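Only one structure is covered here, and it is reproduced in the block below.
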Amino acid sequence: MAPSRQSQVPPYAKDEKVLCFHGDLMYEAKIIEVSVKPGQKPDDAQYRIHYKGWKASWDDWVSQDRIRKFTEDNKQLASQLQLQARMRAQGSKGGKKGVKANGSEMSSARGSEERAAGSSSFGGRGPRRGRDYELENEETFHTRPSVKLIVPDILKAMLVDDWENVTKNNQLVPLPHPRPVTKILEDYAAYETPKRPAGSSHVDILEETLAGLKEYFDKSLGRILLYRFERAQYAEMHKKWMSDDPEFAGKTASDTYGPEHFMRLLVSLPELIAQTNMDQQSVNRLREEMVKFCTWLSKHTADYFVSIYESPSQDYIQKCNH
């Protein structure tokens, strides 16, 4: 089938109002020139950007991975990134006071658990203005980048309720979860993918991010994401995954556990990413994807989180206490 006319033109047009990354923040901008060299794919076009309210000396040539459509969702994302920057600035002045801003405070509840590190890569070239980060990384060689993730208040409340249900009330999330992580990621992909130019790097980044989160979750659940009271339940479930039971055989944590445990991974990401070799641009992209995902999930908590935890048998409780 011949390529559509739409696929033969760059995803952004001259005079289009957009949002554009400058460092790790996004600003309103206008495309004042589009350049596609002979033989070059439309997705590889270069765009001359003028930032609204900035002098023309700040105009810059950028690739499409720096640009976002001027939509309500992306404007909200820009505001979230600005808020994160302010919270980081406050945190650097107030020492440990900044911990709660990035949403990682809940992960300390499992601080005695073994921390496992993984690696993740997100492709793309670094922006010209992003070279400041390269210099900073050389000067602070032993400081690894981390994801400063601000978790919406409603998700923080779900995390606190989850912690109390398990550690204080001796209750468990029912398994298998009616809306497992796999289902959540599929639903989010179905929601978010149509908002991005078909076949673009933005779609690739989304797919890679969601696949990476699923793999992270499958590998880290049994190691660092469980409270002690849940370990016996996990051991029983793991046996079922290894059995011949057609309902469970070959399944993984992401097929069985839901958003209650997945949120524990998300608030642990700052610590996990700090142990990887991800470059700053990849960290920025991951943060962008996480902000979007958490914002979406915060609007659908009633659809995915369970409303009632189950109370295990007395035998189970005694086994966990010994």
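Note that this is a predicted model, so its numbers are computed, not measured.
- Proximity of Val18 to Ile49: side-chain heavy atoms (C-beta onward) are separated by under 4.5 Å at one or more points.
- Applying the salt bridge (charged side-chain N to carboxylate O under 4.0 Å, His left out) rule to pairs touching residues 165-192 yields Lys183-Asp187, Glu192-Arg196, Glu192-Lys292, sequence neighbours excluded.
- Once rounded to the nearest 0.5 Å, the distance linking CG of Leu175 with CE of Met237 reads 4.5 Å.
- In this structure the side chain of Leu297 reaches within 4.5 angstrom of the side chain of Met263, judged on heavy atoms.
- Here the shortest heavy-atom pairing between Val62 and Cys20 reads CG2-SG, 4.3 Å.
- For Lys75, the side chain to side chain donor-acceptor pair (under 3.5 Å) partners two or more places apart in sequence, or in a different chain, are Glu72.
- More than 12 heavy atoms of other residues, nucleotides or ligands lie within 6.0 Å of CG in Asp15, so this atom counts as buried by the packing criterion.
- The shortest side-chain heavy-atom distance between Ile154 and Lys299 does not fall under the 4.5 Å cut-off.
- With contacts defined as side-chain heavy-atom distances shorter than 4.5 Å, the pair Gln281/Asp65 qualifies.
- By the side chain to side chain contact (heavy atoms under 4.5 Å, CB included) test, Ser311 is found to be paired with Gln171, residues two or more places apart in sequence or in another chain being considered.
- Side chains of Glu16 and Phe70 form no contact here, defined as non-hydrogen atoms less than 4.5 Å apart.
- The minimum heavy-atom distance between Thr295 and Gln76, with the atom names listed, is CG2-NE2, 3.5 Å.
- Heavy-atom contacts from other residues, nucleotides or ligands closer than 6.0 Å to CD of Glu215 number 12 or fewer.
- Of the possible donor and acceptor atoms, none in the side chain of Glu289 sits under 3.5 Å from a partner among the backbone N and O of Ile205.
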Would you please test Leu172 and Tyr316 for side chain to side chain contact (heavy atoms under 4.5 Å, CB included) and show each step? CA-CA 11 Å; Leu172 298 168; Tyr316 180 96; 3.8 Å; yes
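- In this pair, Tyr234 and Tyr257 present their aromatic rings tilted. The plane angle is within the 30 to 60° band.
- Here the straight-line distance linking atom CE of Met26 with atom OG of Ser79 works out to 8.5 Å at 0.5 Å rounding.
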Donor-acceptor contacts, no H, no angles, side chain residues 31-43, under 3.5 Å, sequence neighbours left out:
| residue | atom | partner | partner atom | Å |
| --- | --- | --- | --- | --- |
| Gln40 | OE1 | Lys37 | N | 2.9 |
| Gln40 | NE2 | Asp44 | O | 3.3 |

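- Of all non-hydrogen atoms in Pro194 and Ala190, the two that sit nearest each other are CD-O, 3.2 Å.
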Please determine whether side chain to side chain contact (heavy atoms under 4.5 Å, CB included) holds for the pair His202 and Arg68, giving the CA-CA distance in whole Å, both sets of side-chain angles, and the decisive distance to 0.1 Å. CA-CA 9 Å; His202 300 314; Arg68 300 293 183 271; 3.0 Å; yes
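- Atom-to-atom distance recorded for His22:NE2 and Trp58:CH2 is 5.0 Å, nearest 0.5 angstrom.
- Follow the hydrophobic side-chain contacts under 4.5 Å out from Leu25 and you reach Ile67 in the same cluster.
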Report the C-alpha separation of Ser313 and Asp315 in whole Å, then their side-chain angles, then the decisive distance to 0.1 Å, and conclude whether the side-chain hydrogen bond (donor to acceptor under 3.5 Å, both in side chains) test is met. CA-CA 5 Å; Ser313 66; Asp315 288 342; 5.1 Å; no
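- A donor-acceptor pair is defined here as one N or O able to donate and one able to accept, closer than 3.5 Å; such a pair exists between the side chain of Asn165 and the backbone of Asp161.
- Side-chain atoms of Asp245 never come within 3.5 Å of backbone atoms of Lys240 as a donor-acceptor pair (strictly under, hydrogens ignored).
- The side-chain heavy atoms of Ser63 and Gln46, taken from C-beta on, include a pair separated by under 4.5 Å.
- Distance OG/Ser268 to CZ/Phe217: 11.0 Å, rounded to 0.5 Å.
- Side-chain contact, Asp60 with Tyr51: no donor N or O sits under 3.5 Å from an acceptor N or O.
- Heavy atoms only, all atoms of each residue included: Gly222 and Arg231 are closest at O-NH1, 3.2 Å.
- Considering every non-hydrogen atom in both Phe229 and Cys320, the closest pair reads O-SG, 3.6 Å.
- Asp255 pairs by the side chain to side chain contact (heavy atoms under 4.5 Å, CB included) definition with Thr182, Lys251, Thr252, not counting sequence neighbours.
- Aromatic ring orientation, Phe293 versus Trp296: tilted (interplanar angle from 30° to 60°).
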Could you walk me through whether Val267 and Leu155 pass the side chain to side chain contact (heavy atoms under 4.5 Å, CB included) check? CA-CA 10 Å; Val267 298; Leu155 294 182; over 6 Å; no
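- Using a 4.5 Å cut-off between side-chain heavy atoms of Ile, Leu, Val, Met, Phe, Trp and Tyr, with links allowed through other members, Met290 and Val203 fall into different hydrophobic clusters.
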Given side chain to side chain contact (heavy atoms under 4.5 Å, CB included), test Phe262 with Leu213 step by step and report yes or no. CA-CA 9 Å; Phe262 192 59; Leu213 287 173; 4.0 Å; yes
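- Between Ser201 and Gln64 there is a side-chain heavy-atom pair separated by less than 4.5 Å.
- Here salt bridge (charged side-chain N to carboxylate O under 4.0 Å, His left out) pairs that include residues 46-57, with residues two or more places apart or in two chains, are Glu28-Lys52.
- Atom NZ of Lys219 and atom CG of Leu221 lie 14.0 Å apart (nearest 0.5 Å).
- Side-chain contact check for Val173 versus Tyr309: some heavy-atom pair is nearer than 4.5 Å.
- Across every non-hydrogen atom of Val283 and Ile273, the tightest pair is CG2-CG2, 4.1 Å.
- Between the CZ atom in Arg66 and the OH atom in Tyr47 there is a gap of 13.5 Å [rounded to 0.5 Å].
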